[in-house]
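Order of the sequence lines fixes the chain letters, A, B, ..., with proteins taken first and strands second; residue numbering starts at 1 for each chain.
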Amino acid sequence: MPELPEVETTARELERRVRGRRVIDVVLSGARLRLGRAVDAAGVDRAARGRRITRVWRRAKYLVIELDDQALLVHLGMSGRLLVHPVALVRPPHTHLVLVLEGREEIRFIDPRRFGLVRPYALAELAAAEELAELGPEPLSPELTAEDFWQALRGTQGARVKSVLLDQRHIAGVGNIYACEALFVAGIHPGLVARGLSRPRAEALLEAVRVVLRRGLENRGTTLRDYAAPDGQGANQQALEVFAREGKPCKRCGRMVRRMAQGGRSTFYCPGCQRR
DNA sequence: TAGAGCCTGCGG
DNA sequence: CCGCAGGCTCTA
């Protein structure tokens, strides 16, 4: 569920709410998370218990909760949330990690589908973490130039442009919603072979990615089902042009928005506004 | 570069 | 009951 704007919103709100607080207890559900792998319970406990939360930040769709010289790397998968809640004995189903803080509040990681990830790292080892090793550039960073992006597109084989946007090795943090929205804003058909995009169209696409991500951030993310940040739901759903709007009229040209399958995911697009 | 698989929950 | 869901990884 969560893409760059949702994860960034979660990071900012966590930072605001819990930075500087000490973790006095750690509770794990024991459930297996991503790929059916067990969470390193002893490692998580060691990394968090008794330490102070010094910083919370985002890289791609990963969150990093820094605790002094330790860190927890967290991915929300499809259905994960990180919430701040008053301490309670009874917690909602699918609560897989709780960091109990001084001050009668706790951070809860709740993930019904269990595609998420929680993994402890020594802060000094984080830069070499396998999860972060192959990630491409941050789309909102000025260090990513249109030229770089165009070269990345040109370096792909036969991949469609939509799939390339989802590939975290080329550009990090874009998911299904914002990929569809960016292609609409750029007027590009999702089925185009990425390698064949002209330099001006590549530049327009990068600009569109930035526009939709910034808008998503301003709206604190898109809540279609159950996404929520610590301070509540997002508002970006009302700004969506094509995503989840199959059969509805395009807001720009009035033609019906279509849905097609690409790589096992749904792609929403307007056949009038998005050209090959 | 598809497709399956990992999971639960919801809406039609 | 079936299909579908803001992700990622491994396989053919």
Whole angstrom value for the distance that separates P of B/dA2 from CG of A/D167 = 13 Å

CG of A/L63 to CD of A/E8: how many Å apart, nearest 0.5 Å?
-> 9.0 Å

Ignoring hydrogens and angles, tell me if any N or O in the side chain of A/Q168 forms a donor-acceptor pair with the backbone of A/G173 under 3.5 Å.
-> yes

Does A/R154 make a cation-pi contact with A/W150 (under 6.0 Å, within 45 degrees of the axis)?
-> yes

ring-ring contact (aromatic ring centres under 6.0 Å, His included) partners of A/Y62, counting only residues at least two apart | A/H75

From CD of A/E246 across to C1' of C/dC4 the rounded distance in Å is 11 Å

A/G175 near the nucleic acid: base, sugar-phosphate alone, or nothing, with a heavy-atom cut-off under 4.0 Å?
-> sugar-phosphate

Roughly how far apart, to the nearest Å, are C/dC4 and B/dG3 at atom P?
-> 14 Å

For atom NZ of A/K162 and atom P of B/dA2, their distance in whole Å = 12 Å

Below 3.5 Å, does any donor atom in the side chain of A/R114 face an acceptor in the base of B/dC7, or the other way round?
-> no

Rounded to whole angstrom units, what separation is found between the CD1 atom of A/I177 and the P atom of C/dG7?
-> 8 Å

What protein N or O atoms touch nucleotides 9-12 of chain B N or O atoms at under 3.5 angstrom, if any, and at what distances?
from  : atom 1 : to    : atom 2 : distance (Å)
B/dG9 : OP1    : A/H94 : NE2    : 2.9

Atom CZ of A/F109 and atom C1' of B/dC7 are separated, to the nearest Å, by 13 Å

Is it possible for you to check whether A/R252 lies under 6.0 Å from the centre of the six-membered ring of A/F184, through NZ or CZ, and within 45° of that ring's axis?
-> yes

Report which part of the nucleic acid A/R259 touches: base, sugar-phosphate, or nothing (heavy-atom distance under 4.0 Å, all strands).
-> sugar-phosphate

Check ion pair A/R119-A/E130 (N to O, under 4.0 angstrom) | yes

Hydrophobic clusters join Ile, Leu, Val, Met, Phe, Trp and Tyr when side-chain heavy atoms are under 4.5 Å apart, directly or via other members; which others share one with A/I24?
-> A/V27, A/V87, A/V98, A/V100

Every protein N/O lying under 3.5 Å from an N/O of nucleotides 8-12 of chain C:
from  : atom 1 : to    : atom 2 : distance (Å)
C/dC8 : OP1    : A/H75 : NE2    : 2.8
C/dC8 : OP2    : A/K61 : NZ     : 3.0
C/dC8 : O3'    : A/R34 : NH1    : 3.4

C/dA5 and B/dT1, which share atom name C1', separated by this distance in whole Å | 22 Å

For DNA chain C, produce a single dot-bracket line, 5' to 3'. Pairs: Watson-Crick or G-U wobble, both distances under 3.5 Å. Symbols: ( ) within strand, [ ] crossing, | other strand, . unpaired.
-> |||||.||||||

Residue pairs meeting side chain to side chain donor-acceptor pair (under 3.5 Å), one or both in residues 92-101 of chain A, sequence neighbours left out, come to A/S29-A/H96

